[in-house]
Protein chains: 2
Amino acid sequence: MNDAPFDWAAFAVSLGDVPTESDPALVKLKSRDFYWYSPVLKQQLRRVSADLIAAPRSEAEVIAVLRRCYAAGVPVTPRGGGTGNYGQAMPLHGGVVLDLLALDTIHPVRDGILHVGAGAKLGEIEARCKPQGWELRMFPSTRRTASIGGFVGGGSGGVGSINFGQMREAGTLLGARVVTMEAEPRVLDLHGGEVNRVHHAYGTNGIITEITMAMAPAQSWIDYVVGFDDFRALARFTDAVARADGIAKRLCTAVAAGAAAYFKQLRELMHDGESLGFFYIAAQSAAPFEEMLRGHGGRVCRRLTEAQAEGHVPGFEFTWNHTTLQALKVDRTITYLQVRFPARGYLAAVDGLIATYGDEVPMHLEFIRVDGAVACAALPLVRFTDEARLRAIIADIESRGCTVFNPHTYVLEDGGMKQTDPAQLAFKHETDPRGLLNPGKMRGWDERRA
Amino acid sequence: MNDAPFDWAAFAVSLGDVPTESDPALVKLKSRDFYWYSPVLKQQLRRVSADLIAAPRSEAEVIAVLRRCYAAGVPVTPRGGGTGNYGQAMPLHGGVVLDLLALDTIHPVRDGILHVGAGAKLGEIEARCKPQGWELRMFPSTRRTASIGGFVGGGSGGVGSINFGQMREAGTLLGARVVTMEAEPRVLDLHGGEVNRVHHAYGTNGIITEITMAMAPAQSWIDYVVGFDDFRALARFTDAVARADGIAKRLCTAVAAGAAAYFKQLRELMHDGESLGFFYIAAQSAAPFEEMLRGHGGRVCRRLTEAQAEGHVPGFEFTWNHTTLQALKVDRTITYLQVRFPARGYLAAVDGLIATYGDEVPMHLEFIRVDGAVACAALPLVRFTDEARLRAIIADIESRGCTVFNPHTYVLEDGGMKQTDPAQLAFKHETDPRGLLNPGKMRGWDERRA
C-alpha cells in the first residue's frame, strides 16, 4: 500500500469520530515492537511503517474502521502494547495499524473468570483483580505495558506457566469476541477450544475485542533472587524447585553468570561470576524453599515481599524475554534463541550445550509445565557474529534432540508454530477473504494465494 | 501388658485430672480402626484392645500421662479419629490408648500457614479456614472424622495430591511439636524436613501435639460424577484431565463398573454397567472440563456446586479408601490392593490388569502428582478367596513393573514404607528408649532389640 497513490487524509476523515494519528514519526513509532531484539529482523523490518493509526474506543468503532478498510482494500494490523519480539504487530504492507488500547474495560472477576477488553494492560488487570482474590494465571515479562489482547494474539506463556502450562492448553483461554474483515464485519463469539483459532495468530484472522480468561486464586508472592557459584548447581536447584509439588511457586528461572552480568540493577547484590536464579514463591512456601536452597549450596541475594517491592525492579523483569532485553541494554550485539529440551534428560542436554558453547551462548533456563509434567525451555543469549553462525548453532542444537523456535522470523509458521495451523488458516478464509489482516505473516495463506 | 497383673484402676487414678475411660466395651471400641477392611488384619487384630483410654486436654496433660506410663512401663498408642486402615492406632500390646481429639485448637491461618492441635478434625479445619480464604492442600476420604494428627502420623495423601503430591514432599508439613516418651518427657519442635521423622511413623517415635502445615488458597469446587460405558475410555479421560495443566482440579478418580455397582447412594444416577469418574473441578474450569468430557464420550451424572452439596454424599466419599468402604458395606468378602504404576505407560499397564483379572479385581485409579509429573495409582478391589490367591495376584502385579503397597499388614515396613526409614528409627532411639510407643509396628526397632 505504501507505494499506491492513496489519499490517507481523506481516508482518516472518512473514519468519522474514530481517533487517528497520521504524523509519520508517531505512526512509525506505533508500527514497531521489540523486533530489534533480533539482528535479523532488525535488518528486515526497519523500514516497515503503517500509513495511519486508528484507535477505536469501542467495538462499534472497530467495526466502522474495518468496514471502511475492507471497502478501500486497506490492510489492517492490530496492536496492543507493542511488546512483541517478532514484528507481530508490524504492518509489512503498510495501511492501518489498529491501536486497541482504548478497549480497556476490566469487569469484576466472577467465579474465577475474567471478562476484559482486549486493550487492557496486564499490569492493570493484575492490580485490579488482586483485591478481589484473583490474579493472572500467566503473564509475559512485559506485564507492565503489554495488553491482554496482544498477549493472546501474539504470546504463548510466561510467568505462571510453571503451574498452568502454556496459554493454548485447554482451560485458560475460555472465550474471545472477534470482529471479521468483511464488507459487513461480523462479531463472532468463540468459546473453549475455538479460541485457539485466533490465539497466537498475530491478528491475521480476526480482530479480538474482548477476552474471557480463567484466573488463579491470588497468592502473596515473595520475589527471590538467589545466587550460585556454579550454573549447573543452579540449574539442578531450579529443576528441583520446579518439580517440588509441595512448594507453591509462579516462576523458576536460571540465568548463567555470562548473562546475569548484564543485570545492572542487580549488580550490588551479586558476587563476581555468580549465576542467578529468579523465583516467585508463595509466602507459605518460603521456609521450605530456603531449606532446599541451603541444601543445594545457594544463597539468597534478594528477598522481597509484595509490601517491600516498591522501588525495586521486579524479579520477573530479568526473566523470559527480559533477560535478553537487559543484556541488549548493555550490549547491542547480543541476540538469543528459544529452545525446548527433550522431556527426559534435559539437564544433561543443558550441560552439553554449556560444554560446547561456553560463553558464546550464555544459558538461560525457564521451567514450565507441559502435559502435566515439568519441562525445561531455554532462551539462551547468543553473542552474535553472523547469520551463518547463528544458523549453525541452531542446527547443532536441533541435532541434539532439542526443538529450536526461531525468534528471528516474523512468519507465524517459521517461529513457535513450526507449521501452519489448519484451524487458523481455515478461520482466516471465513473472517478475512481478501487477506487484509496483518498480511505477510501467515505463510500458509500466502502460499495458497500464490 | 494384657497378661500382667497390673492395677489399672489405681493407674487411672494416678493420672489425676486427665480424663480416662476403662469400660471394656468402650476401651475396645477406641482400640480399633478400619483394620477390618483387610480380611488378613481382621483375623490378626480382632482381639487387640487397650487397657485404658486417656484423653489429655493439653500438652501438659500429655506430658503427665507419658511420664506416668514411662515410669510404669505401660505402652502408649496415640489415636486421632481412628480412621486408619492398617491398625495404625491399635495397641498390639495393650496399655494406654492416648486419645488426642481434645487437642483441637485451630489458630487463624497466617500467610497461608496453619498452626493446629493434633486432634483437630480435618473437616472442622476445612470449614474454619475456608472463610479465611484457605483450604487443606490434601485430605483423606475420611475427612469428616479424621484428625490432622492421625493424618500426619498414619496417612500419606489423598484428595489434593493431584496438585501437591504426597504429604512427605517438601513444603506441606512445615512443623510439628512432639512429646518424647522418657522419664521426663521433652517437647521437641521439628521444622521442615525434620517433620518426616514422625510423619507416617504411626506414633512409634513421639506423640505429635501440634502441627504446622502449608495451606492452599481456597477455591470454589464443583463436585462432578461422570459416567462412561467403557472403563478404558474413562481411564483415558481421567488421565487427560489430570494432565491438563489449564484445568484446576482437586481430585481425579476412575472407578470401574464392577466397583461402582456398590455405590448405593449413586445408583439412581447411574446406567447399568457404567464406570464412574469423580472429579473436583474449580468453578472457572467447569466449562473446559465439560468440553473435554464431551470429546471423550462421557456424560455428567451429577454436578454439585458447594451451595448444592448439602444433603448429598460428597464425591470424595466414593474415592481413595472410601471406594473400598462403599463396596464393603454391600459385600463383606471384598478387599483391595494399593498399586503404583510405572511413570510411563501406565494406561497400558491398567489395560493389562483388566485383561488378566476382569471382574476379580475391579479397577479403581487415583491420579496424583509425583516429582512434578502426573502419576497413576490404583486401589483396585479384590474379590477375596484366600490369602494364597491374594499373594499370587500381588506377585503378578509386581512382575509387571508395578509397585504394590500391601494394605494387609500393620507393620510400617511391610506397607507403604517398603523399608525401615533410618531417620524414623534413629529418632525413636532418642524419643522412646524403652520402646513403649505403639510397640510392634516398627520392625526395624524390634529386630535391633531382638
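A, B, ... follow the sequence lines: proteins, then strands. Residue 1 opens every chain.
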Requested in this report: Mind ranking B/Gly165, B/Ala282, B/Ala170 by heavy-atom pairs under 4.5 Å with chain A and telling me who comes out on top?
Outcome: B/Ala170

Query raised in the report: So which part of A/Arg110 gets closer than 4.5 Å to some heavy atom of chain B, the side chain, the backbone, both or neither?
Result: neither

Report task. Let me know if B/Ile247 has heavy atoms under 4.5 Å from chain A in its side chain, its backbone, both or neither. Result -> both

Requested in this report: Identify which part of B/Asp239 has an atom lying under 4.5 Å from any heavy atom of chain A, answering side chain, backbone, both or neither.
Outcome: neither

Report summary line: In terms of heavy-atom pairs under 4.5 Å with chain B, the winner among A/Leu114, A/Ile113, A/Asn163, A/Leu173 is A/Ile113

Report task. Answer yes or no: are there more than 12 heavy-atom neighbours, outside B/Arg236 itself, under 6.0 Å from its atom CZ? Result -> yes

Requested in this report: Please name the pair of heavy atoms, one in A/Gly372 and one in B/Arg369, separated by the smallest distance, quoted to 0.1 Å.
Outcome: O-NH1, 3.0 Å

Report task. Supply the atom-to-atom distance A/Asp111 CG to B/Thr305 OG1, rounded to the nearest 0.5 angstrom. Result -> 9.5 Å

Query raised in the report: By a 4.5 Å heavy-atom criterion (distance strictly below it), what part of B/Val370 contacts chain A: side chain, backbone, both, or neither?
Result: backbone

Query raised in the report: Taking the side chain from B/Asp245 and the backbone from A/Asp371, do they hold a donor-acceptor pair closer than 3.5 Å?
Result: yes

Query raised in the report: When only pairs under 4.5 Å are counted, which of B/Gly193, B/Ser161, B/Ala242, B/Pro217 shares the most heavy-atom pairs with chain A?
Result: B/Pro217

Report task. Please list, chain by chain and in numerical order, all residues satisfying ring-ring contact (aromatic ring centres under 6.0 Å, His included) with B/Phe341, sequence neighbours excluded. Result -> none

**Report entry** Residues in residues 283-295 of chain A near chain B [non-hydrogen atoms, under 4.5 Å]
**Finding:** A/Ala283, A/Gln284, A/Ser285, A/Pro288, A/Glu291, A/Met292

